[in-house]
Amino acid sequence: MSIVIDHVSRHFETFAAVNDLSLDIAEGELLALLGPSGSGKTTLLRLIAGLDFPDSGRIIIDGRDATNLPAGERRIGFVFQHYALFRHMTVRENVDFGMRVMPSSRRPSRSERRERVERLLGTVQLAGLGDRFPAQLSGGQRQRVALARALAIRPSVLLLDEPFGALDAAVRRDLRRWLRQLHEELAVTTVFVTHDQEEALEVADRIVVMNAGRIEQSGTPTEVEARPATAFMHSFLGGANRFAVEVHGGVASVAGQPLPRDAVTLAEGIGDGAAQGFVRAHDLLPLVAGTPGAYAVGRLDHVVAHGGTVRAEFATPDGRSVEAEIARDEWERLALTRGQSIGLGIRRMAVFPE
Ligand SMILES: Nc1ncnc2c1ncn2[C@@H]1O[C@H](COP(=O)(O)OP(=O)(O)OP(=O)(O)O)[C@@H](O)[C@H]1O
């Protein structure tokens, strides 16, 4: 089902946890809500679920105004990070639970419930484990039971709040892949909250980045990755080096040296004066001595090789640390040793007001 969030606000006292936010979520979409702690992700999810209600604005689910509809009438399944399964119930009973507590008018028959539970256990790859108790499962298996339980009521929308947050990295990676496949199979409109950029980039059709109760940027993972639209996005996505910049007549300079116009994207409407420039690690180039186009000098501090690329950290004379990412063979050609200084070139820079 589609969800329309129309100018929704939710205040706690005078603080706006969600601030005049509008967002359309298409039927069948897999959307990640990403953002720093306190940016309003969970609050927004609770408003969609009907666990909390907006002070103003409307929430339309499948064309119907659901703003004041209680959670039980929204056909929404949810899974939270620490979604405790019932310890005294078997896996099968846990998955059945949501159906068992439905009002009798909507509750499926006993045989239908049994069949649905078995089918779901297969879907979440836990067939054969129906008689176990939660304590006899791994963390990843438990989260899959929680998902099966959420899916059992045939939700029209699935909301996941940091569903894999408490699990270790390898299990998270497996579950991500699995969630993506599950979504392809079931095509339930799904919104999931995560802190983890990589998770959002890997799993979602679309990413919505929140900041202070508002949407900072929304787009496909490729769009968000390739074109962070604001200074906040550059800082939040990480891997960007920040330089002090002076702008004059549309030309940006670093340490008094103008950058070529085609290497610079200036924020719309930016005027002359001090500004901040972001250079992503793969756009910062260590340059052998004598090469023109070095805008700063860095002393090699630390190197991490990963696959075919190398990330090198340099200390600049003004006491900052910048990071460059280059191909391993290029790095080897430079033959730098720790403590050695080198010029730093800038391939592309995005400039925003300070
Ligand atoms: N019930 C509440 N009473 C008062 N303030 C609240 C309440 N719920 C949330 N807040 C505040 O609203 C803001 C947004 O909280 P929210 O939990 O939505 O953020 P979040 O983006 O999900 O953060 P996290 O990633 O840490 O879970 C926070 O500053 C939080 O302290």
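In listed order, ligands and their atoms are each counted from 1. For reference, positions follow the sequence shown, starting with 1.
- Here the protein heavy atom with the shortest distance to atom 6 (C) of ligand 1 is Phe12 CD1, 3.3 Å.
- Side-chain contact, Thr42 with Asp161: a donor N or O sits under 3.5 Å from an acceptor N or O.
- Between Val18, Thr43, Leu44, it is Thr43 that holds the heavy atom closest to atom 18 (O) of ligand 1.
- Ligand-side atoms of ligand 1 in range of His195: 25 (O), range being under 4.0 angstrom from any heavy atom.
- In this structure the side chain of Pro228 never reaches within 4.5 angstrom of the side chain of Phe236, judged on heavy atoms.
- Each of the following atoms of ligand 1 lies closer than 4.0 Å to a heavy atom of Phe15: 12 (O), 13 (C), 29 (O).
- Of the N and O atoms on the side chains of Glu225 and Thr222, not one donor lies less than 3.5 Å from an acceptor on the other residue.
- Between the side chains of Thr123 and Glu185, not a single donor N or O lies within less than 3.5 Å of an accepting N or O.
- The closest protein non-hydrogen atom to atom 23 (O) of ligand 1 is Gly38 N, 2.8 Å.
- In this structure, the side chain of Lys41 does not engage the main chain of Val209 through any donor-acceptor pair within 3.5 Å.
- Those atoms of ligand 1 with a heavy atom of Lys41 less than 4.0 angstrom away are 18 (O), 19 (O), 20 (P), 21 (O), 22 (O), 23 (O), 24 (P), 25 (O).
- Using a 4.5 Å cut-off between side-chain heavy atoms of Ile, Leu, Val, Met, Phe, Trp and Tyr, with links allowed through other members, Ile326 and Val279 fall into the same hydrophobic cluster.
- Less than 4.0 angstrom separates some heavy atom of Thr42 from each of these atoms of ligand 1: 17 (O), 18 (O), 20 (P), 22 (O), 27 (O).
- Protein heavy atoms are found inside the 4.0 Å sphere centred on atom 13 (C) of ligand 1.
- Nearest to atom 24 (P) of ligand 1 by heavy-atom distance, out of Gly213, Ser37, Ala17, Ser39, is Ser37.
- Near Pro36, the atoms of ligand 1 lying under 4.0 angstrom from a non-hydrogen atom of the residue are 21 (O).
- Within a 4.0 Å radius of atom 31 (O) of ligand 1, the protein has no heavy atom.
- Between Leu47 and Val18 the shortest side-chain heavy-atom distance falls below 4.5 Å.
- Aromatic pair Phe133/His88: ring centres not closer than 6.0 Å.
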